[in-house]
Each structure stands twice: as C-alpha cells, then as structure tokens.
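Below you'll find the structure, written out as structure tokens, and then a few comments.
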Amino acid sequence: MTRPDTPPSARLRPETPPSVHPHPDTLAVHPPHVEVTGSRPLGVPLHQGHVFAFDSADALAEGFTSPDAFLYARLGNPTVRTLEDAVARLEGGASGLSFASGMGAVNAVLLSLLGSGAHVVAQTCLYGGTYAVLTDLAARWGVHVTYVSGTDPEEVRAALRPETRLLYLETIANPTTRVSDLPALAAVAAEAGVPVAVDNTFASPLLCRPLDHGADVVIHSATKYLAGHADVLGGVAVFKDRELYGRVRRHAVEQGASTDPFAAWLTLRGLQTLSLRVERQCANAAGLAARLAAHPAVAAARHPSLASHPDREVAARLLPAGGGGVVSIDLAGGRDAGRTFVEAVRLASLSVSLGDVKTLVMHPASTSHHQLDAAALAAAGIGAGTVRISVGIEHVEDLWTDLEQALDQVLKKAA
Ligand SMILES: *Cc1c(COP(=O)(O)O)cnc(C)c1O
C-alpha cells in the first residue's frame, strides 16, 4: 500500500494480514516493510533476517536447488552474498563463499576436496590451525600429508602421487615471510591435474591474486586484513570456476559455519579502506624492517622488501605493490630477549592476530608455536628469539620510537 503522505522513497508494502482492522497483537508481529525506490542506500544494507518469504510455491521450490536464491541464511543472505561477490571480484574468481571464520573456510575446502585415503601436499610453514586440521584428518580419516618447503617445484613434483587431491600453499608464510613461488608450484600441480588452494591472508588480494598465478581456490581469514579492525571474525574462499564452488558450497551448507550477516556487514565496511590500510602497512613495514635490521639487538630481520630476503626475486614478481605488513625479527638474545621485547612495547600491543590497523607483536616460540620443540621450530624457520610484528597504520616515526625503546630495553637487560 502506498500512503499519499509518505515520500516516494519509502513505500510500505502490506506485510499485515488481509483483515481490515488487525489486532495490535498482530500488528506488533508484522511491522511494515519499507521498500526503497527512487534512491538507493550508499552503504551496504544489512539484511540481518535469516528467513525469506516467497509469494509463489514454485519460487520457493526452485530456491532449494538454486545457489542464488535466498530462503534461509545458512544457504545464502544478501549481505553475506555482497561480501562473497566483493572478495570474488577482488581475487578475480568466478564465485566466493563466506564463512564464520578463516578456519571455517579452511575446513570447508579441505573437507570438500579430501576423502579418506586422499593425499595432500602442503607447505611446512602452515598457519597453526590449518596444520592442526591436516594432522587431525591424517589421524582419523587416513588422509596422507607430505610437507614441502613451498619454494621448490621439483620437491612438489616428487611428492605428488596418483591419489594426491590437493596442493595447499600460503602466499606469505607465518612468521618467516617466505614467499611461495605460486606460478612454478601450481604449474607442477596442473600437469598432474591436482587442484591448488592458496591461503592469501597475509597478502590480501591487493598485493597478490593467486588465481592469476594458477591457483584454483583462494582462502582468506577475513578477520585479518580484509576486515582490519579487530572487531569481527570471518573467512572467505574464492573459486576459479563454478564447478569447484558448487562442490565446496554443498559441503559448506552442511558444515554450517555460515557468516552472520552483521559480521559480513562489518567486514564489508572494513574492506572499503583495504587499499589505504594495506598501502600504509606495507610502507610502514618496509621502513621499519630496514631500521630493525640495523639495530644491535636484532640478529636478523625478515620482510620481502629487504635485499637480504631469500625470496626477494619471487616477491618482486608476485608482490610488486608491497611485501605485506608483517615483519619478523630474530633477537640476538634468544627466548628471554623475545619475551622482554613483547612486554616492553608501549604503542604496539602484545596480541595474536595480524592485519589490524593497530600494530601487534608476538613471540611465536612461547605462544602460537609453543608445542614445537627446538628441532620443529627450526624446521618451521622460527627461532627462540623470533618476534612477529604485524605493522599497523600508525605514523611510522611513532612506531619506530616504540620499537627502538623496546629493543634498547632488551640490550639493557642483557648487559
Ligand atoms: C588467522 C588465520 C587463519 C584462521 O583464521 P580465523 O579467522 O582465525 O579462523 C588462517 N590462515 C591464516 C594465514 C591466518 O593468519
């Protein structure tokens, strides 16, 4: 019903039952539905509702078989779809799927593509949660995993078997900042018909688009750079083609790690400033890495922008716009120095996670990688004195002042 006294931009559609004078009890349950016509919201509308009503029984029946219909939010929601389409476009993929967390996306991809007895080739330096899922799949479902360095195509070729179902890589490894030679590794997998999944969380689609380099699926913890403000968990997977998307979507709907629409809305809000944040984070990280490398408390600094980086040539090809916002340093004083440093920072925060607008520091050997013994730490490229710095968007001079005073405290304590 269009009321003559409402502006043309706010029409009310009759949601109320067709009685002439509905009881207030009924009116309370059926608020009017405001339809926007003649203008459109500039921000992304938040469709928080999880059930959708239909006018035709046939349309609802069709909805059950079409991935594009909206009937129940575990299967699809317009705000969540906006996020899926936005990230799919950024990554240059056919379709995207959004999840309640990055681990939701990792699980959906692994569980959809692997069955019992399947074989996976994965890089050694994996995100801890992903490593845990692969270990669990190996123990309980007989999935076989071969770990490779992620830098040598011949190593991947030697690891492939007839039952290999997936090559799993990360664009920039945590916390070593090693950069995978995606085109070279993906080419080996393609020859064998093995799909390639790449966790692109550390790079963001603005620095690298793995689908352009031969990947079939790209995974993000949207919690990190995509959202960027430490206020929402999320994950997104983007697929090169609709067939793979369909396979993972069927599983995802069953898995039920769907994104809450408000979380998708917050992620979309963060996404709008991704380019500004990533540009500043890359510049800050490169500037700080060079200064950190020269400080006497630091034995080694790692960032793809440094001339000393082992994958500098690969980084120049794959990450031409910047080496990302994560820097890691090895403190000469080992474990004690690492712990002193992370407690000494004042502007930066001692926190897990990364990709935030705020600068975060952590000491992997005593936290995220505490289960690893010295040999396993060394294999993952992590030293007792390694500190990971996720560089934020603060002014670089303020950041340097903070990091330098923390390093000076490390030296003072060791003296
Ligand atoms: C954080 C992270 C994940 C997991 O994401 P959550 O949103 O925490 O579930 C996966 N991969 C990488 C590289 C990450 O940094």
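We count ligands from 1, going down the list as the structure has it; atoms in each ligand are counted the same way.
Nearest protein heavy-atom neighbour of atom 15 (O) of ligand 1: K224 NZ, 2.8 Å. What sits closest to atom 8 (O) of ligand 1 on the protein, heavy atoms only, is Y127 OH, 4.0 Å. Counting protein heavy atoms only, atom 7 (O) of ligand 1 is closest to T223 OG1, 2.7 Å.
Below 3.5 Å of separation, one finds an N or O of G102 facing an N or O of ligand 1. Checked against a 3.5 angstrom limit, the closest N/O atoms of E170 and ligand 1 fall outside it. In terms of polar-atom proximity, defined here as any N/O pair under 3.5 Å, M103 does make such a contact with ligand 1.
Judged by the shortest distance from any of its heavy atoms, G234 lies inside the 4.0 Å radius around the atoms of ligand 1. In this structure, L354 has a heavy atom closer than 4.0 Å to ligand 1.
A salt bridge does not link R250 to E254: none of the charged side-chain nitrogens sits closer than 4.0 Å to a carboxylate oxygen. A salt bridge links K240 with D216: the closest approach of a Lys/Arg side-chain nitrogen to an acidic carboxylate oxygen falls below 4.0 angstrom. In summary, R291 and E404 do not engage in a salt bridge, as defined by a charged side-chain N under 4.0 Å from a carboxylate O.
Under the 3.5 Å distance criterion, with hydrogens and angles disregarded, a donor-acceptor pair is assigned to the side chains of Q48 and D260.
Between Y168 and Y127, the ring center distance fails the sub-6.0 Å criterion.
Two residues are said to be in side-chain contact when any heavy atoms from C-beta on lie closer than 4.5 Å; K358 and L347 fail this criterion.
Y245 and F239 have perpendicular rings, their planes meeting at more than 60° on a 0 to 90° scale where under 30° would count as parallel.
Among N174, D199, L226, T130, the residue whose heavy atom lies nearest to atom 11 (N) of ligand 1 is D199.
Of all the atoms in ligand 1, the ones that sit under 4.0 Å from a non-hydrogen atom of S221 are 1 (C), 2 (C), 3 (C), 4 (C), 5 (O), 6 (P), 7 (O).
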